[in-house]
Number of protein chains: 2
Amino acid sequence: MPRWEPDGVGRLQAAAFELFAEQGFERTTVAEIAQRAGLTQRTFFNHFADKREVLFGLGSEFQEEIVREIAACADTLPPLDVVVRALQAASDTMFEERRAAVTRRQEIIDANPELQERELSKQAALIHAIAAALHARGLDPETALLTAGAGMLVQQTAVRRWTQPAESRPLRELLSDALHSLRTVATQTTDQRVVPLET
Amino acid sequence: MPRWEPDGVGRLQAAAFELFAEQGFERTTVAEIAQRAGLTQRTFFNHFADKREVLFGLGSEFQEEIVREIAACADTLPPLDVVVRALQAASDTMFEERRAAVTRRQEIIDANPELQERELSKQAALIHAIAAALHARGLDPETALLTAGAGMLVQQTAVRRWTQPAESRPLRELLSDALHSLRTVATQTTDQRVVPLET
DNA sequence: ATACTGATTTCAGCAAGTGCAATCACTGAT
DNA sequence: ATCAGTGATTGCACTTGCTGAAATCAGTAT
């Protein structure tokens with residue numbers, strides 16, 4: 001028999017997820033989470049840097065996936081398209097099948113400012129990772145950061161719609177839509193009008 | 001004689017700013033800040049919701065200024081131009097003359113993850129305020145949020161350069177440049193090429 | 001005079017987070 | 001089989017952030 005029940009990290013994540021959903025983030029104590037997972041408060045902090053972090057375990061995998069996709073993408077594509085395609089690929093494998101779970105997680109986060117801060121922080125980290133991946137493809141750092149920011153703007157817009165009950169389309173499509181919306185917003189200008197040129 | 005020395009809030013902000021610069025955010029205790037300001041820890045928390053908040057006092061004024069500018073802007077301008085012009089106007093009155101102070105503040109924030117999180121949170125709040133102001137002008141909420149996000153992307157890009165030692169141009173110009181960069185990034189596309197149309 | 005205001009203080013206490021030493025089933029080497 | 005090492009877990013003591021409630025008291029209005 002093993003000395004400890006397996007997958008302590010997973011049990012802590014599950015317990016935290018449940019308790020946050022049941023009674024909210026603030027009214028849940030770390031000791032409480034650990035107790036439900038059959039562990040100690042001290043053990044919780046051995047695995048997670050702080051109370052918030054327990055909700056953001058999947059973030060790093062998502063980031064790695066995206067960086068991989070960007071590195072693997074065709075060289076001829078415009079940078080913003082590269083980013084959005086990477087987001088689409090990662091979405092297919094990591095989001096599409098878990099819509100219910102993702103949505104519930106988002107509700108927990110939306111209900112608490114501290115968690116929102118942490119999520120913004122993770123998004124910022126993702127932006128920098130994307131920018132680094134673009135820079136590795138030869139883009140200058142300034143433009144890379146701007147492009148990464150634009151990409152995450154697209155991602156946020158798409159996910160916001162995807163997690164709404166009325167929406168049933170795949171995230172991949174919503175990403176394409178959001179990219180188109182951003183291009184529309186960015187293209188409208190005073191001193192010049194642009195029109196598509198037939199190829 | 002007054003019962004208390006005047007401007008307790010200002011003294012707390014100044015003391016915090018100094019201490020954070022001297023020894024960093026983490027190694028500075030709230031009791032320490034209060035002591036340097038000649039007040040109590042409890043009084044600190046009467047004025048600021050938490051230890052981080054003491055660095056973000058000017059944010060709300062900036063937000064109000066921008067919302068005002070957006071509401072006052074000409075109806076014919078494209079939304080993204082409206083946002084950037086508002087940012088330019090607010091920058092002139094609230095940033096341009098304080099470059100040294102703004103830069104030092106930014107250094108403090110850049111040195112600490114918790115402060116970075118709070119700054120991202122403030123930026124998100126600003127995005128929502130801008131989106132609300134755009135929505136009040138008749139833009140649909142979805143597009144308003146996207147446009148506000150694009151505007152803040154421009155802002156971040158411009159401020160990042162403005163706070164670099166090598167840069168000497170006014171923030172107003174850098175905002176124009178960043179807007180142009182964003183338009184360039186967003187305009188490059190695979191399935192259609194766009195060209196300026198002479199008016 | 002009197003009551004009221006409001007910024008400040010004191011105090012008691014919870015919860016987050018950390019450093020350190022100890023435990024002890026499991027593992028690999030002898 | 002034995003023995004030393006590994007590593008996840010734990011207990012404990014401690015600092016710090018943050019809060020609620022009640023008390024203080026100069027200035028102000030009535």
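The sequence lines fix the lettering, A, B, ..., with proteins before strands; numbering per chain opens at 1. Just so we're clear, the structure is a prediction, and the values are computed from it rather than from any experiment.
- Whole-Å rounding puts the Leu12(B) CG to dA7(C) P distance at 14 Å.
- Within residues 46-53 of chain A, the residues that have a heavy atom under 4.0 Å from DNA chain D are, in order of number, Asn46(A), His47(A).
- Listed candidates were dT10(C), dA16(C), dC18(D). Nearest to the side chain of Gln41(B) is dC18(D).
- Checking dA16(C), dT9(C), dT10(D) against the side-chain heavy atoms of Leu39(A) singles out dT10(D) as nearest.
- When each of Leu134(B), Thr147(B), Leu146(B) is tested with Leu80(B) by the rule side chain to side chain contact (heavy atoms under 4.5 Å, CB included), just one qualifies, namely Thr147(B).
- Taking 4.0 Å as the cut-off between side-chain N and carboxylate O, Lys122(B) and Glu53(B) count as a salt-bridged pair.
- Arg11(A) places its CZ atom 11 Å from the C1' atom of dA8(D), with the value rounded to the nearest Å.
- Under the salt bridge (Lys or Arg N to Asp or Glu O under 4.0 Å) criterion, the residue pairs touching residues 10-36 of chain A are Glu18(A)-Arg36(A), Glu22(A)-Arg36(A), with sequence neighbours excluded.
- With a 4.5 Å cut-off between side-chain heavy atoms of Ile, Leu, Val, Met, Phe, Trp and Tyr, the cluster of Val9(B) takes in Leu12(B), Phe17(B), Leu19(B), Phe20(B), Phe25(B), Val30(B), Ile33(B), Leu39(B), Phe44(B), Phe45(B), Phe48(B), Val54(B), Leu55(B), Phe56(B), Ile108(B), Ile109(B), Leu115(B).
- Listed pair Thr29(B) / dT15(D) fails the phosphate criterion, with no side-chain N or O lying under 4.0 Å from OP1 or OP2.
- Between Arg27(A) atom CZ and dT19(D) atom P there is a gap of 15 Å when expressed in whole angstrom units.
- Checked by distance alone, Arg42(A) brings no side-chain donor or acceptor within 3.5 Å of a matching partner on the base of dG17(C).
- With no hydrogens or angles considered, a side-chain donor-acceptor pair links Ser176(B) and Gln88(B) at under 3.5 Å.
- Atom P of nucleotide dG27(D) and atom CH2 of Trp4(B) are separated by 10 Å, given to the nearest angstrom.
- Note on Thr43(A): a base of the nucleic acid sits closer than 4.0 angstrom, heavy atoms only.
- Looking at Gln155(A) and Gln123(A), their side chains never bring a donor and an acceptor atom within 3.5 Å of each other.
- Judged purely by atom type and a 3.5 angstrom limit, Arg137(A) uses its side chain to pair as donor or acceptor with the backbone of Cys73(A).
- The distance from atom CD of Glu114(B) to atom P of dT16(D) is 14 Å, rounded to the nearest whole Å.
- Rounded to whole Å, atom P of dA21(D) lies 18 Å from atom CZ of Phe45(B).
- Taking atom CD of Glu117(A) as the reference point, atom C1' of dA16(C) lies 16 Å away to the nearest angstrom.
- The CD-C1' distance, from Glu26(A) to dA16(C), rounds to 13 Å in whole Å.
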